[in-house]
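All ligand and atom numbering here is 1-based and tracks the order in the structure.
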Amino acid sequence: MIGFADSSYILSGIRKQELIDFLHDCNNQKRNIFVLCDTNTIEYCLPLFQTLFPQTKSASVYCIQSGEAYKTIETATAFWKFLLQQQADKHTVIVNLGGGVITDLGGFAASLFKRGVDFIHVPTTLLAMVDAAIGGKNGVNIDGFKNQSGSIVIPRYVYIDTEFLKSLPHVEKVNGYAEMIKHALVADKLFYKSLSEQRNFEALQIIEKAIAIKQSIVASDPYEINERKLLNFGHTIAHALESMYHLQRQNISHGKAVAVGIIVESYLSCKMGFISEAALNEITGFVQSLFKFDDKDFNVEKLLPFMMADKKNKQGQLRFTLLESIGKGVVDIPVPIAMIEDAFHWFSKQNPGYGI
Ligand SMILES: NC(=O)c1ccc[n+]([C@@H]2O[C@H](COP(=O)([O-])OP(=O)(O)OC[C@H]3O[C@@H](n4cnc5c(N)ncnc54)[C@H](O)[C@@H]3O)[C@@H](O)[C@H]2O)c1
Ligand SMILES: [Zn+2]
């Protein structure tokens, strides 16, 4: 297994040959390669992937429905059954070709199949390139509750190629930007500044920087004892929203949920006395210029039970990762429920479509 400090990710061009050699060796050693896709990536990304890596042309392909609703233990079980039918063994290699749903689910399935087989992430959304495919967290949702079962096992390789972004709808690029903004807010003020000024969704340089921030946080705390919790900024709210939408049989993208989370949790950071009102306005203005929050309504009473399922809580007390300043996060801050209610009222006033 590769250690967390090792750089296992490959940006297109750089070290690509290493992955080609690995796949070539797999073929020579008759190791089975399986490619996991969803209904979009099989169409938009598999042909490019097979052109980049012809060694995978005879690999078996398993395709799942696209969407968060399929990031479940049931989908993983169906995939495991398929692998068994295909006589997959301990030496099997799984390539996860897709967005964060595919990398989370495929990593989860691979990390448990036969007690763990090699897997390679090929992220095809911006969000997966800068976040989901980096750092070794794999998982599935249970009854709509986010990431309730999972593992922390890092892939053998992560191959990042911005060519895949060419077919990605703009709205998905903006979703990825939300996670980059989160990385910047908790760790790097200058990066935040360049994200807010440049608004370039697919520059390799920016992607590289975002990955480097995540890699460095993960390397210092792979099992999320402390510092890795920084990356949860915006996510207590985001995960609760996603679960609630799921229960109502509605959809919200992870990136958009994170955007709401960034705004609401920045408000909490301000009310808890950490960031200034000017910083709150700056963050809110920037995020609201990227996302339009006008679709569904939510309310605190509905959201609170979902927040209670958050893994960061201790003894029923809601704990958040907040901002001490732009570029510096702070973890494990207990926040009173009344303040969370206040935050939602404030958010609704700013975004009338979200009324409560
Ligand atoms: N493990 C982690 O550390 C981590 C971090 C952040 C997010 N996540 C998880 O990632 C998931 C969200 O990831 P996502 O936003 O990538 O969602 P996703 O995988 O659902 O992809 C978004 C949409 O884009 C489509 N798509 C993917 N690549 C495409 C391409 N190149 N061209 C055209 N369409 C394409 C997909 O089929 C899907 O419809 C959530 O489940 C979230 O919890 C995990
Ligand atoms: Zn996220």
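- Thr124 OG1, 2.7 Å is the protein heavy atom nearest to atom 28 (N) of ligand 1.
- With salt bridges taken as basic N to acidic carboxylate O contacts below 4.0 Å, none links Glu179 and Lys214.
- Where the criterion is an N or O separation shorter than 3.5 Å, residue side chain and backbone included, Glu68 meets it with respect to ligand 1.
- The backbone N or O of Gly144 sits less than 3.5 Å from a side-chain atom of Ser243, completing a donor-acceptor pair.
- At a threshold of 4.5 Å between non-hydrogen side-chain atoms, the residues Glu202 and Asn200 count as touching.
- By the 3.5 Å distance cut-off applied to N or O atoms, His239 is not counted among the residues near ligand 1.
- One distance of note links OG1 of Thr284 with OH of Tyr267; it measures 10.5 Å at 0.5 Å rounding.
- The distance from ligand 1 to the heavy atoms of Ser167 drops below 4.0 Å at these ligand atoms: 30 (C), 31 (N), 32 (N), 33 (C).
- The shell of residues lying under 4.0 angstrom from ligand 1, judged by heavy atoms, includes Asp104.
- If you check which protein heavy atom lies closest to atom 38 (C) of ligand 1, you get Asn40 ND2, 4.0 Å.
- For ligand 1, the atoms sitting less than 4.0 Å from at least one non-hydrogen atom of Gly99 are 16 (O), 19 (O), numbered in the order shown with element in parentheses.
- Residue Glu179 has at least one heavy-atom neighbour below 4.0 Å for each of these atoms of ligand 1: 6 (C), 7 (C).
- Between Phe22 and Tyr157, the ring centre distance stays below 6.0 Å.
- For His235, the N, O or S atom closest to the Zn ion (ligand 2) goes by the atom name NE2.
- Against a heavy-atom cut-off of under 4.0 Å, Lys146 is close to the following atoms of ligand 1: 40 (C), 41 (O), 42 (C), 43 (O).
- Partner Leu36 forms a side-chain contact (heavy atoms from CB on, under 4.5 Å) with one of Tyr62, Phe119, Phe82 and no other, that one being Tyr62.
- The side-chain contact (heavy atoms from CB on, under 4.5 Å) test with Phe34 singles out one residue from Val95, Leu83, Asn96, and that residue is Leu83.
- Of the polar atoms of Lys214, at least one N or O is found under 3.5 Å from an N or O of ligand 1, judged by distance alone.
- In terms of polar-atom proximity, Asn138 is not counted as a contact of ligand 1, lacking any N or O under 3.5 Å from an N or O of the ligand.
- At distances below 3.5 Å, not a single donor-acceptor pair connects side-chain atoms of Ser66 with backbone N or O atoms of Asp38.
- By the criterion of a heavy-atom distance under 4.0 Å, the side chain of Glu172, and not its backbone, is placed next to ligand 1.
- Side-chain contact annotation: Glu224 with Asn232, donor-acceptor N/O pair under 3.5 Å present.
- For the ligand labelled ligand 1, residue Cys45 lies inside the 4.0 Å heavy-atom shell.
- Only one option out of Met307, Met244, His254 pairs with His239 in a side-chain contact (heavy atoms from CB on, under 4.5 Å); it is His254.
- Taking the side chain as every heavy atom from C-beta outward, Val35 and Phe53 never approach each other to under 4.5 Å.
- Asp131 and Lys182 are joined by a salt bridge, as a carboxylate oxygen and a charged side-chain nitrogen come within less than 4.0 angstrom of each other.
- Looking only at atom types and distance, the side chain of Ser151 has a donor-acceptor partner in the side chain of Asn138 under 3.5 Å away.
- At a cut-off of 2.8 Å, Glu179 is counted among the residues with an N, O or S atom near the Zn ion (ligand 2).
- Residue Asp38 has at least one nitrogen or oxygen atom sitting less than 3.5 Å from a nitrogen or oxygen atom of ligand 1, judged on distance alone.
- Some N or O of Thr125 is nearer than 3.5 Å to an N or O of ligand 1, by distance alone.
- In the vicinity of Ser66, heavy-atom distances shorter than 4.0 Å reach the ligand 1 atoms 37 (O), 39 (O).
- Side-chain contact check for Ile64 versus Phe79: every heavy-atom pair is 4.5 Å or farther apart.
- Under a 4.0 Å heavy-atom criterion, Lys166 is not in contact with ligand 1.
- In the vicinity of Lys137, heavy-atom distances shorter than 4.0 Å reach the ligand 1 atoms 1 (N), 3 (O).
- With hydrogens and angles ignored, the 3.5 Å screen pairs a side-chain donor or acceptor of Arg228 with a backbone N or O of Gly135.
- Backbone and side-chain nitrogen or oxygen atoms of Thr41 are examined, and none is located within less than 3.5 angstrom of a nitrogen or oxygen of ligand 1.
- Looking at atom 14 (P) of ligand 1, its nearest protein heavy atom turns out to be Gly100 N, 3.5 Å.
- In terms of protein heavy-atom proximity, atom 35 (C) of ligand 1 is nearest to Leu168 CD1, 3.6 Å.
- Nearest non-hydrogen protein atom to atom 15 (O) of ligand 1 is Leu127 CD1, 3.7 Å.
- For the pair Leu126 and Ile207, the minimum side-chain heavy-atom distance is below 4.5 Å.
- Counting heavy atoms under 4.0 Å from ligand 1, residue Ala132 touches it through both backbone and side chain.
- Below 3.5 Å of separation, one finds an N or O of Val101 facing an N or O of ligand 1.
- Geometrically, ligand 1 and Phe164 share a nitrogen or oxygen pair separated by less than 3.5 Å.
- Considering both main-chain and side-chain atoms, Leu165 never comes within under 3.5 Å of ligand 1 through any nitrogen or oxygen pair.
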